[in-house]
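Dropping the structure in here first, questions after.
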Amino acid sequence: MTRKYNFCAGPAALPLEVLEEAQRDLVNWQGSGLSVMEMSHRSSEIVGIATEAEKDLRELMGISDDYAVLFMQGGATGQFSAIPLNLLGDNRAADYVNTGQWSKKAIKEAKRYGEVNVVASSEDDNFASIPAFDTWKLNKDAAYLHYTPNETIGGVEFFWEPDVNVPLVADMSSTILSRPIDVSKFGLIYAGAQKNIGPAGLTIVIVRKDLLGKAHPLCPVGMDYQVAAENESMYNTPPTMAIYLAGLVFKWLKKLGGLEAMEAINRRKAEKLYSYIDGSGFYANPVEVASRSLMNVPFTLKDESLDKAFLAGAEEAGLLNLKGHRSVGGMRASIYNAVPEEAVDALIAYMKAFAEKNG
Ligand SMILES: *Cc1c(COP(=O)(O)O)cnc(C)c1O
């Protein structure tokens with residue numbers, strides 16, 4: 001079996017050990033005689049799997065009992081609607097920061113439900129930086145402040161948390177579990193699973209319990225955080241197989257040494273790649289150095305007419321999904337947790353050879 005290196009932005013690479021364990025247990029999970037996919041979500045097996053996954057996630061991220069951990073569906077995009085529907089309350093106005101394509105989508109959706117104040121934007125800078133915090137026009141009465149700690153498309157990451165007096169809401173889809181964070185600074189954290197957690201189909205919401213119970217009367221029941229919390233994410237059928245696989249990823253992370261150990265590996269991977277790009281004279285990354293993403297590394301070639309040949313050669317070398325997002329062009333290497341350091345080494349070696357041949 002030849003596994004290739006997958007630099008896809010999402011759905012993304014999964015740890016090989018996790019895939020192999022799932023394969024071993026696929027048709028007969030731990031002697032139960034059934035596949036996880038065939039089990040009732042009311043069964044002790046699935047309830048046990050979900051409980052354990054939650055426990056491991058709480059341990060990895062240091063999530064206190066002040067927070068509910070919800071296994072939901074609908075992706076991060078579903079949360080663009082669920083957040084205003086659950087958190088605006090009587091206030092009807094929220095602050096949003098615009099640092100890229102995902103911020104923009106969250107803003108556009110929130111405008112359907114209430115007043116959105118864009119308190120800072122880096123659009124004029126082509127989303128290559130983060131506006132300095134002292135320039136943000138914060139509203140003290142906002143129901144919450146929403147931002148995107150890692151912009152998956154632009155490759156821009158916050159290495160600090162906005163210090164605000166309203167609940168801080170973060171779309172962590174492409175950065176969750178990549179390094180430790182202080183959960184207590186946040187009102188709500190959400191993430192689609194398909195980048196750093198597991199397969200597509202699961203959405204994780206970590207919400208401070210005092211924010212529950214304020215949903216708009218028209219909030220769909222499947223999106224109501226209070227309903228999900230009261231029913232331990234089993235009001236309706238949750239994505240059982242995706243929760244199981246996420247649970248295996250959490251165990252894999254724990255075995256690796258937790259998020260500190262993961263961060264050290266991720267920093268090494270990213271530093272190698274950026275430092276090669278910067279010194280190459282052939283490739284370039286447009287993002288301000290202090291805000292360069294550890295997970296998503298966009299880069300351009302000196303001459304974009306070489307893009308096609310670069311991608312074809314990469315594919316031949318077993319390096320997949322390096323094409324940049326259609327909205328920005330160029331290349332993008334997503335180097336999430338499950339992308340091994342050898343993959344980054346192989347990518348750099350290929351980039352070097354390509355530059356030498358075409359430079
Ligand atoms: C991938 C991604 C999304 C969209 O996630 P879906 O699960 O496809 O809705 C939203 N925000 C960020 C930051 C992402 O990386």
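Whatever order the structure lists ligands and atoms in, that order sets their numbers, starting from 1.
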Between K269 and D345, does any side-chain N to carboxylate O distance fall below 4.0 Å? no
Give the atoms of ligand 1, by number and element, whose distance to some non-hydrogen atom of S174 is under 4.0 Å. 15 (O)
Between E260 and R179, is the closest basic N to carboxylate O distance under 4.0 Å? no
Counting heavy atoms under 4.0 Å, the part of T203 that contacts ligand 1 is neither
So which bit of S173 gets within less than 4.0 Å of ligand 1, heavy atoms only: side chain, backbone, both or neither? side chain
Nearest-neighbour protein heavy atom for atom 8 (O) of ligand 1, which is reported as residue plus atom name and distance: Q194 NE2, 3.4 Å
Give the intermediate values and the outcome of side-chain contact (heavy atoms from CB on, under 4.5 Å) for residues Y235 and D224. CA-CA 10 Å; Y235 179 77; D224 189 318; over 6 Å; no
For Y113, the option from E115, E109, K111 that meets side chain to side chain contact (heavy atoms under 4.5 Å, CB included): E109
So for atom CZ, which belongs to R42, do other residues, nucleotides or ligands contribute more than 12 heavy atoms lying within a distance under 6.0 Å? yes
Heteroatom distance test (N150, ligand 1): nitrogen or oxygen, under 3.5 angstrom: no
Under a 4.0 angstrom heavy-atom cut-off, which atoms of ligand 1 come close to G75? 7 (O), 9 (O)
What do we get for T77 next to ligand 1 when only non-hydrogen atoms under 4.0 Å count, side chain, backbone, both or neither? both
Go through ligand 1 atom by atom and flag the ones less than 4.0 Å from a non-hydrogen atom of D171. 10 (C), 11 (N), 12 (C), 13 (C)
Below a 4.0 angstrom heavy-atom separation, can you tell me which part of E151, side chain or backbone, both or neither, approaches ligand 1? neither
Heavy-atom check, side chain of I206 versus side chain of M61, under 4.5 Å: yes
Please write down residue, atom name and distance for the protein heavy atom closest to atom 2 (C) of ligand 1. K195 NZ, 2.4 Å
Below 3.5 Å, N or O to N or O, backbone or side chain included: is there any such pair between A76 and ligand 1? yes
If you count the non-hydrogen atoms of other residues, nucleotides and ligands that lie under 6.0 Å from CG in D303, is the total more than 12? yes
Show which atoms of ligand 1 fall inside a sub-4.0 Å distance from at least one heavy-atom site of T152. 12 (C), 13 (C), 14 (C), 15 (O)
Could you point out which residue of N196, N337, T175 forms a side chain to side chain donor-acceptor pair (under 3.5 Å) with N266? N337
